[in-house]
There are 2 protein chains.
Amino acid sequence: MELESSGESADNPPSKGEDRQTLSQFVENMGLLYQDYGVSRIGGRIVGYLLVTPRPVSSEEMAEALQVSRSSVSTNLRTLLMAELVEKVSLPGDRVDYYVLSDLAWQNTLEMRLAAILPLKELAEEGLEGLYPDHPARPRLQSLMDWVGMVETILQRTRDEWQSRSEVLAGPGS
Amino acid sequence: MELESSGESADNPPSKGEDRQTLSQFVENMGLLYQDYGVSRIGGRIVGYLLVTPRPVSSEEMAEALQVSRSSVSTNLRTLLMAELVEKVSLPGDRVDYYVLSDLAWQNTLEMRLAAILPLKELAEEGLEGLYPDHPARPRLQSLMDWVGMVETILQRTRDEWQSRSEVLAGPGS
DNA sequence: CAGTTGTTTCAGTATTGACAGAAACAACGG
DNA sequence: CCGTTGTTTCTGTCAATACTGAAACAACTG
């Protein structure tokens with residue numbers, strides 16, 4: 001994998017080489033980790049690459065940097081855009097599409113994982129509706145529903161917390 | 001799939017049939033849902049079956065009820081035991097192993113999903129260590145680390161909340 | 001309105017993982 | 001100590017998914 005640093009000037013040559021190695025490793029590990037998150041390896045590497053490249057990146061560049069096909073980049077970008085981990089940006093006077101990591105990337109990574117819990121509530125609900133009032137499984141289904149309710153609360157709290165953090169970072173009154 | 005209800009007496013025959021249908025559907029859906037949680041379909045169905053069967057269940061019974069091989073039950077039970085979603089119980093004078101849903105099953109389901117986030121922190125840490133002080137990716141890695149820290153806090157809070165709930169249910173001083 | 005560049009869709013391939021059946025293993029009972 | 005019962009490990013098969021290269025498509029430029 002090739003990773004370009006922005007200024008390639010030669011004032012501290014040893015650092016650049018090590019940085020590239022470090023970043024390459026980081027991007028690769030992000031790929032592996034995101035696999036567990038239901039995003040494909042390439043998707044994770046894209047997230048990693050965008051993270052360590054603080055500027056808009058074209059899909060062409062990603063394909064080259066990550067040494068994968070353009071089609072894979074395209075497919076994975078679509079997924080990442082839908083998940084709102086990545087945003088598309090346009091640069092004036094340039095018809096190429098560029099992409100950056102969304103400000104909400106981490107928050108949304110968390111949401112994805114927590115939101116997957118919520119369907120359990122509906123499942124338990126359906127179960128309760130279909131069972132006669134004295135069925136022994138009822139209390140357990142009920143407590144499952146309660147638990148999912150708690151997760152919903154947590155989810156809301158993280159949104160609030162994240163919200164207030166962003167406000168602090170952006171300065172008050174933003 | 002066959003689901004046995006505990007008392008099979010005939011005082012309200014119509015209910016039993018519908019219950020069985022409902023539960024069968026529920027168990028099946030749990031399987032599908034848990035697939036998204038990194039547990040296999042069979043693992044999810046085991047969780048579902050244990051949920052709606054409020055008594056210790058042998059692996060033999062699971063295999064029959066879910067219509068899957070004993071080996072699959074065995075493999076999946078090992079995973080579920082490690083994840084602490086299921087507990088093994090012994091009945092005196094019986095050499096068969098029985099299993100019940102753990103009291104912490106839901107809490108641990110949540111933990112599994114949140115804990116998967118934590119390795120991100122280490123990844124970011126390694127990245128920071130390997131990069132020279134002026135590298136433009138540093139601030140982003142730092143803020144990633146901060147975010148994971150927040151998730152850790154949330155995780156701890158849910159443990160506390162769950163803890164206090166259980167105490168309420170069990171009665172004070174337990 | 002061609003020609004060029006960039007992006008998406010499609011069809012085939014390869015890798016991964018779940019699952020079943022059989023064999024091996026362990027533990028208990030006569 | 002042999003036979004029976006219960007559980008785990010192993011090997012092969014099948015299905016699902018990620019990925020690629022090629023073709024189709026879209027958008028801009030001269």
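Since the model is a prediction, treat every value here as computed from it, not as a measurement. Order of the sequence lines fixes the chain letters, A, B, ..., with proteins taken first and strands second; residue numbering starts at 1 for each chain.
What separates CG of A:L77 from P of C:dT9 is a distance of 12 Å, to the nearest Å. Whole-Å rounding puts the B:Q67 CD to C:dG21 P distance at 11 Å. Atom P of nucleotide C:dT4 and atom CD of A:E60 are separated by 18 Å, given to the nearest angstrom. If you measure from atom CZ of B:R41 to atom P of D:dA15, you get 12 Å, rounded to the nearest angstrom. The distance between atom CG of B:L66 and atom C1' of C:dC19, rounded to the nearest whole Å, is 14 Å. Per the geometry, OH belonging to B:Y98 stands 14 Å off C1' belonging to D:dT7, to the nearest Å. Regarding B:N76, its CG atom lies at a distance of 9 Å from the P atom of C:dA20, rounded to whole Å. In this entry the distance linking OH of A:Y34 with P of D:dA18 reads 16 Å, nearest Å.
For the residue pair B:D97 and B:S59, no side-chain donor N or O sits within less than 3.5 Å of a side-chain acceptor on the partner. Side chains of A:Y34 and A:T109: a donor on one and an acceptor on the other come within 3.5 Å. A donor-acceptor pair shorter than 3.5 Å can be found between the side chains of B:Y49 and B:E61. Judged by distance alone, the side chains of B:Q107 and B:E111 do bring a donor and an acceptor atom under 3.5 Å apart.
Closest to the side chain of B:R95, out of C:dT9, C:dC28, C:dC19, is C:dC28. Between D:dG21, D:dC19, C:dT7, one nucleotide has an atom nearer to the side chain of A:S71 than all others, and that is D:dG21. In this structure, of D:dT9, D:dT7, D:dG21, it is D:dG21 that holds the atom nearest to the side chain of A:S69. Side-chain proximity of B:K88 to the nucleotides D:dT8, C:dC19, D:dT9 is greatest for D:dT8.
Contact annotation for B:V68: backbone-only contact, meaning every heavy-atom pair under 4.0 Å involves sugar-phosphate atoms and none involves a base. Using a 4.0 Å heavy-atom cutoff across all strands shown, B:S59 reaches sugar-phosphate atoms only and no base atom.
Residue B:S72 places no side-chain N or O under 4.0 Å from the OP1 or OP2 atom of C:dC19. Within the 4.0 Å cut-off from OP1 or OP2 of C:dC19, at least one side-chain nitrogen or oxygen of B:S40 is found. Close to D:dT9, at under 4.0 Å from its OP1 or OP2, lies a side-chain N or O of B:R78.
At least one donor-acceptor pair closer than 3.5 Å links the side chain of A:T75 to the backbone N or O of A:S71.
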